[in-house]
Amino acid sequence: MALDDKKNGEFKVVGTRPNRPDGVDKVTGRARFGADVSAPGMLHAAIVRSPHAHAKILKIDTSRAMASKDVKAVVTRADFAEGLEGDDLNVLENVMAGEKALYDGHAVAAVAATSPLAARDAAKLIDVTYEILPHVTDVDKAMAKDAPVIREGAADKSVPPGLHPNVVRYHESGHGDVEEGFAQADLVIEDSFVTEAAHQGYIEPHACLAQLDADGKGEVWCCTQGHFNVQKICAKLVGTDASQIRVTASEIGGGFGGKTAVFIEPVALALSRKTNRPVKLVMSRAEVFRATGPTASTSMDIKIGMTSDGKITAGQGTFRLQGGAFPGAPMEFTAMCAFAPYNLENVFQVGYDVMSNRPKQAAYRAPGSPMAAFAVESVIDELCSQLGLDPIEVRLMNASKEGTKASYGPRFDRIGLVETLEAAKAHPHYSAPLAEGLGRGVSCGFWFNHGGETAVTLALSEDGTAALSVGTPDIGGSRASMCQMVAEELGIPYEKIRTTVADTATLGYNEVSHGSRVTYASGLAAINASRDAVEKLCGRAAAKWGIDPEAVYWDSGYAKPSGPNAGDFEPLALADITKNMGATGGPIVGHFEATPEGAGVSFATHIVDARVDKETGKTSVERYTVVQDAGKAIHPTYVEGQYQGGAAQGIGWALNEEYIYGEDGRLQNANFLDYRIPVASDLPMIDTVIVEVPNPGHPYGVRGVGETSICPPLAAIANAVSGAAGVRLKQLPMSPPRILEALDVQANG
Amino acid sequence: MSMIHVSTTINGDEAEFLCDPRETLLDVLRDKLALTGAKEGCGTGDCGACSVTVDGRLVCSCLVLGAEAQGKSITTVEGIAEGESLHPLQEKFIEYAALQCGICTPGILVATKALLEKNPDPTETEVRYWLAGNLCRCTGYDKIIRAVMDTAADLRKAS
Ligand code: FES
Ligand code: FES
């Protein structure tokens with residue numbers, strides 16, 4: 001549905017900053033998250049996990065556990081559906097290991113007992129006999145000739161012959177002739193970069209409460225970014241019909257992509273079926289780190305040519321992504337996003353999806369894109385500094401615009417990169433003098449955004465209020481923006497609308513809350529459902545007045561005759577029509593069910609000032625500015641929040657966060673003390689600028705804002721560190737030991 | 001294992017429970033007393049989502065045993081509002097959008113209330129260091145810090 005010129009930028013509610021409708025629940029502790037519910041007769045479950053990175057499971061002996069009177073059931077792979085194939089089999093393999101444990105933390109069995117303590121005790125009494133196999137956790141090593149094979153035959157047809165069986169997918173894209181482009185350059189820089197896996201780090205561990213009866217009917221309550229997806233996967237894994245499982249999404253304590261995957265719900269269902277009782281399953285923080293998805297780790301080679309006045313003549317990138325023990329590392333996104341901000345005549349990119357003995361990677365805010373930006377934007381920065389050029393001017397000179405042939409193929413529609421660069425250039429931060437010892441870094445970032453299957457209903461009440469049901473969990477305040485869009489359309493106050501995240505029995509299929517799609521797609525759906533309801537309201541008014549429905553229009557909450565020819569009638573308020581809707585044709589409900597495809601891409605430019613303590617190697621971020629195109633900000637405060645949150649996560653990834661594996665293939669830092677995410681005293685205030693270049697694919701011009709904000713920070717900080725410390729870090733995170741090492745190499749060679 | 005009988009005060013009300021000696025105060029609050037406002041983000045004292053006060057002192061309830069509540073007075077997020085009226089911090093958190101997902105919010109409210117009782121006029125740095133034990137993954141802390149500073153200013157004006 002295209003940008004609506006009717007609205008002409010005239011909004012009454014959109015663009016204001018009302019209090020979120022679920023605010024009181026969230027500040028009083030009443031909001032119910034995944035682990036906050038219980039059911040009569042409920043059992044508690046615990047999962048037995050492999051301590052080995054790669055091992056054959058020879059035997060699982062449950063007799064010691066089952067001897068306890070508190071223990072009611074144990075499940076293993078034998079308790080799940082057989083005969084699954086492809087992606088379904090991969091999900092099952094990850095939820096419960098089959099013949100082999102593929103990573104440290106891989107689930108091999110689960111137990112249900114009468115209390116959480118009893119369940120945890122019982123898990124320790126399940127004796128698993130393993131035959132330990134050689135393992136590999138590093139991406140480059142996993143591609144090497146002698147690497148142990150994670151799983152034979154996992155590769156698809158895209159992989160060129162001659163590569164190791166751990167390389168399971170291959171991508172290439174681009175246009176022009178990069179060799180010719182490099183020949184036109186005055187300076188060509190070629191370099192390699194490495195990033196470690198980072199975890200989404202949501203504060204709420206995965207949790208669910210599930211019941212599955214012998215007749216195949218089930219109920220699940222869980223924290224997830226997509227309960228319809230949970231329904232689909234659970235049905236397959238336990239072998240029942242999707243429609244027989246009703247899934248309700250709890251409030252969700254952060255996801256960032258990590259709660260788009262399914263880990264525990266099928267296990268709780270299987271235990272419930274075996275015990276005929278509801279089963280609650282809550283992960284510990286260590287389990288979250290060991291067995292849910294962090295990002296892929298990467299190894300990347302970049303080559304970029306530039307003329308002496310700053311024109312990029314060619315860009316080339318090779319991106320190797322390790323995505324754990326299953327196919328799916330988002331290497332095509334990494335490759336496609338890498339050069340997207342720039343209008344290049346010659347560009348070529350290659351991606352490899354590589355398996356290793358680590359947990360299956362999961363989406364994390366713009367999956368794959370931040371790593372690409374780290375590598376490419378670092379090289380551009382280096383080119384600028386060697387050629388003595390201003391980093392924003394160079395980016396402006398090369399920026400993608402409407403009509404540019406994107407590095408990944410299509411031509412861009414209306415986009416806002418130039419506007420973010422202009423706003424960054426004009427921002428006082430960019431012109432502020434830089435204090436001694438500080439470095440200033442700049443980077444751009446890009447993300448596609450997404451639409452996806454969406455269904456909502458808008459039910460009007462007799463008293464003239466409205467209830468919107470959406471199928472996309474509210475992960476950061478989206479109920480507020482939904483209410484605003486409905487208020488805008490219906491012309492009734494924001495407070496008169498309630499948005500509910502409905503269960504899977506209430507609405508048609510909704511794709512998970514990912515791809516920055518909620519405000520775009522559920523928002524578009526809410527607008528359309530409102531317009532559907534308005535059409536029905538106008539129809540009722542027309543019937544009352546005895547005129548043609550076409551001769552009635554809706555204005556600020558009233559049905560009005562469209563002109564003198566239509567007749568002279570007193571306008572009817574929404575509540576005047578709904579109060580007797582039962583007698584005038586029945587309930588009035590607006591609908592929208594479709595797959596919107598006009599999610600506009602989004603760009604950001606970040607500026608950061610950082611200081612490096614050369615004695616300790618510690619980097620502190622002293623000033624940070626995010627400039628990003630939101631298309632149209634429905635609730636600007638929550639848009640700012642997305643910008644700030646993405647920047648903060650990027651700062652963590654850049655400076656501190658990493659999965660550290662020992663020689664034994666075990667994760668060494670599976671807790672928040674050793675996997676240190678930014679705390680309040682690590683960060684400055686994060687300044688934001690909302691640029692609004694309307695998305696032609698949304699009636700109000702909305703673009704998703706949740707993901708792009710994590711794309712620029714890694715490179716922006718690396719560029720600032722390079723300015724502050726005089727060394728360029730090519731490996732993330734830029735933790736104190738790595739900075740000290742780089743300084744040492746620079747000083748002593 | 002034999003259970004321990006504990007009598008305590010929670011949010012001003014007397015409470016009694018039986019607990020396993022290994023159960024934490026957080027387990028007891030959530031599983032025995034149905035006070036699920038305090039959250040378990042880590043269980044190891046690293047995230048602050050479980051923050052409560054025991055006799056006025058801010059603690060991670062995942063690091064306190066349930067049995068230790070004997071004879072103590074405990075305040076959780078459920079005890080912050082007075083009747084129908086929210087505490088000024090709660091109001092400001094909503095107004096400033098100092099929460100996105102809201103899972104960290106109970107702990108951060110309990111922690112900041114304890115701060116403002118001790119230090120009604122904290123600097124931004126003091127607020128940041130006081131809250132360094134309360135992880136928030138969504139907000140980047142900016143709006144949280146602003147909400148706290150602004151509440152502190154309002155409370156000073158009011159007193
Ligand atoms: S749950 Fe107690 S500090 Fe994290
Ligand atoms: S609001 Fe989500 S962790 Fe703080």
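Throughout, protein chains are lettered first and strands after them, A, B, ... in sequence-line order, and every chain is numbered starting at 1.
Neither the backbone nor the side chain of A:Ser284 comes within contact range of chain B; no heavy atoms are under 4.5 Å apart. Heavy atoms closer than 4.5 Å to chain B are found nowhere in A:Ser38, neither backbone nor side chain. Contacts between A:Leu673 and chain B at a heavy-atom distance below 4.5 Å involve backbone atoms as well as side-chain atoms. For A:Gln642, the parts lying under 4.5 angstrom from a heavy atom of chain B are both the backbone and the side chain. With a threshold of 4.5 angstrom between heavy atoms, A:Val37 does not approach chain B through any atom at all. Proximity to chain A is limited to the backbone of B:Thr139, based on heavy atoms less than 4.5 angstrom apart. Residue A:Ala35 touches chain B through both its backbone and its side chain, counting heavy-atom pairs closer than 4.5 Å. Proximity to chain B involves both the backbone and the side chain of A:Leu683, based on heavy atoms less than 4.5 angstrom apart. At a 4.5 Å heavy-atom cutoff, A:Glu251 makes no contact with chain B through either its backbone or its side chain. A:Asp70 does not touch chain B: none of its heavy atoms, backbone or side chain, sits under 4.5 Å away.
The two residues B:Gly41 and A:Pro205 make their nearest non-hydrogen contact at O-CG, 4.0 Å. A:Gly23 approaches B:Ile94 most closely through the heavy-atom pair C-CD1, 3.5 Å.
The backbone N or O of A:Met685 sits nowhere less than 3.5 Å from a side-chain atom of B:Asp142 that would complete a donor-acceptor pair. Remark: side-chain polar atoms of B:Arg128 are not paired, donor with acceptor, to backbone N or O of A:Asp682 under 3.5 angstrom. Judged purely by atom type and a 3.5 angstrom limit, B:Gln90 uses its side chain to pair as donor or acceptor with the backbone of A:Val27.
Here A:Pro678 is the residue among A:Ala207, A:Gly477, A:Pro18, A:Pro678 with the most heavy-atom pairs under 4.5 Å with chain B. The residue among A:Ala647, A:Ala286, A:Ala480, A:Pro684 with the most heavy atom pairs within less than 4.5 Å of chain B is A:Pro684. Among the candidates B:Ile103, B:Ile144, B:Val127, B:Thr105, the residue making the largest number of heavy-atom pairs closer than 4.5 Å to chain A is B:Ile103. Contact tally against chain B (heavy-atom pairs below 4.5 Å) for A:Ala648, A:Gly641, A:Pro116: the top residue is A:Gly641. Ranked by heavy-atom pairs under 4.5 Å with chain A, the list B:Ala132, B:Pro106, B:Gly133, B:Gly37 is led by B:Ala132. Interface check for chain B: of the options A:Gly645, A:Gly652, A:Ser115, A:Gly646, the most heavy-atom pairs under 4.5 Å are formed by A:Gly645. Interface check for chain B: of the options A:Tyr643, A:Tyr202, A:Tyr638, the most heavy-atom pairs under 4.5 Å are formed by A:Tyr638. Counting heavy-atom pairs closer than 4.5 Å to chain B, the top-ranked of the candidates A:Arg17, A:Arg30, A:Glu640 is A:Glu640. Counting heavy-atom pairs closer than 4.5 Å to chain A, the top residue among B:Gly102, B:Ala38, B:Cys104 is B:Gly102.
Inter-residue side-chain proximity for A:Phe256 and B:Cys138 is flagged as met; some heavy-atom pair is nearer than 4.5 Å. Side-chain contact between A:Ile677 and B:Leu135 is present, with heavy atoms from C-beta onward closer than 4.5 Å. Between A:Phe672 and B:Thr44 there is no side-chain heavy-atom pair separated by less than 4.5 Å. Within the 4.5 Å cutoff, the side chain of A:Asn19 has heavy atoms near those of the B:Glu95 side chain. With contacts defined as side-chain heavy-atom distances shorter than 4.5 Å, the pair B:Ile80/A:Thr28 does not qualify. Within the 4.5 Å cutoff, side-chain heavy atoms of B:Glu23 are placed close to those of A:Leu117.
With rounding to the nearest 0.5 angstrom, the CD1 atom of A:Ile686 is 10.5 Å from the NZ atom of B:Lys143. Separation of atoms NZ (A:Lys26) and CG (B:Leu99) is listed at 7.5 Å; rounding is to 0.5 Å. Interatomic distance, A:Lys280 NZ to B:Asp31 CG, rounded to the nearest 0.5 Å: 6.0 Å. Taking SG of B:Cys136 as the start and CD1 of A:Ile203 as the end, the distance is 7.0 Å to the nearest 0.5 Å.
Remark: A:Asp36 engages B:Lys39 in a salt bridge, criterion side-chain N to carboxylate O under 4.0 Å. Between B:Glu40 and A:Arg285 there is no salt bridge, since none of the side-chain N atoms of the basic residue sits less than 4.0 Å from a carboxylate O of the acidic one. Remark: A:Glu657 engages B:Arg137 in a salt bridge, criterion side-chain N to carboxylate O under 4.0 Å.
A:Tyr494 OH: more than 12 foreign heavy atoms inside a 6.0 Å radius.
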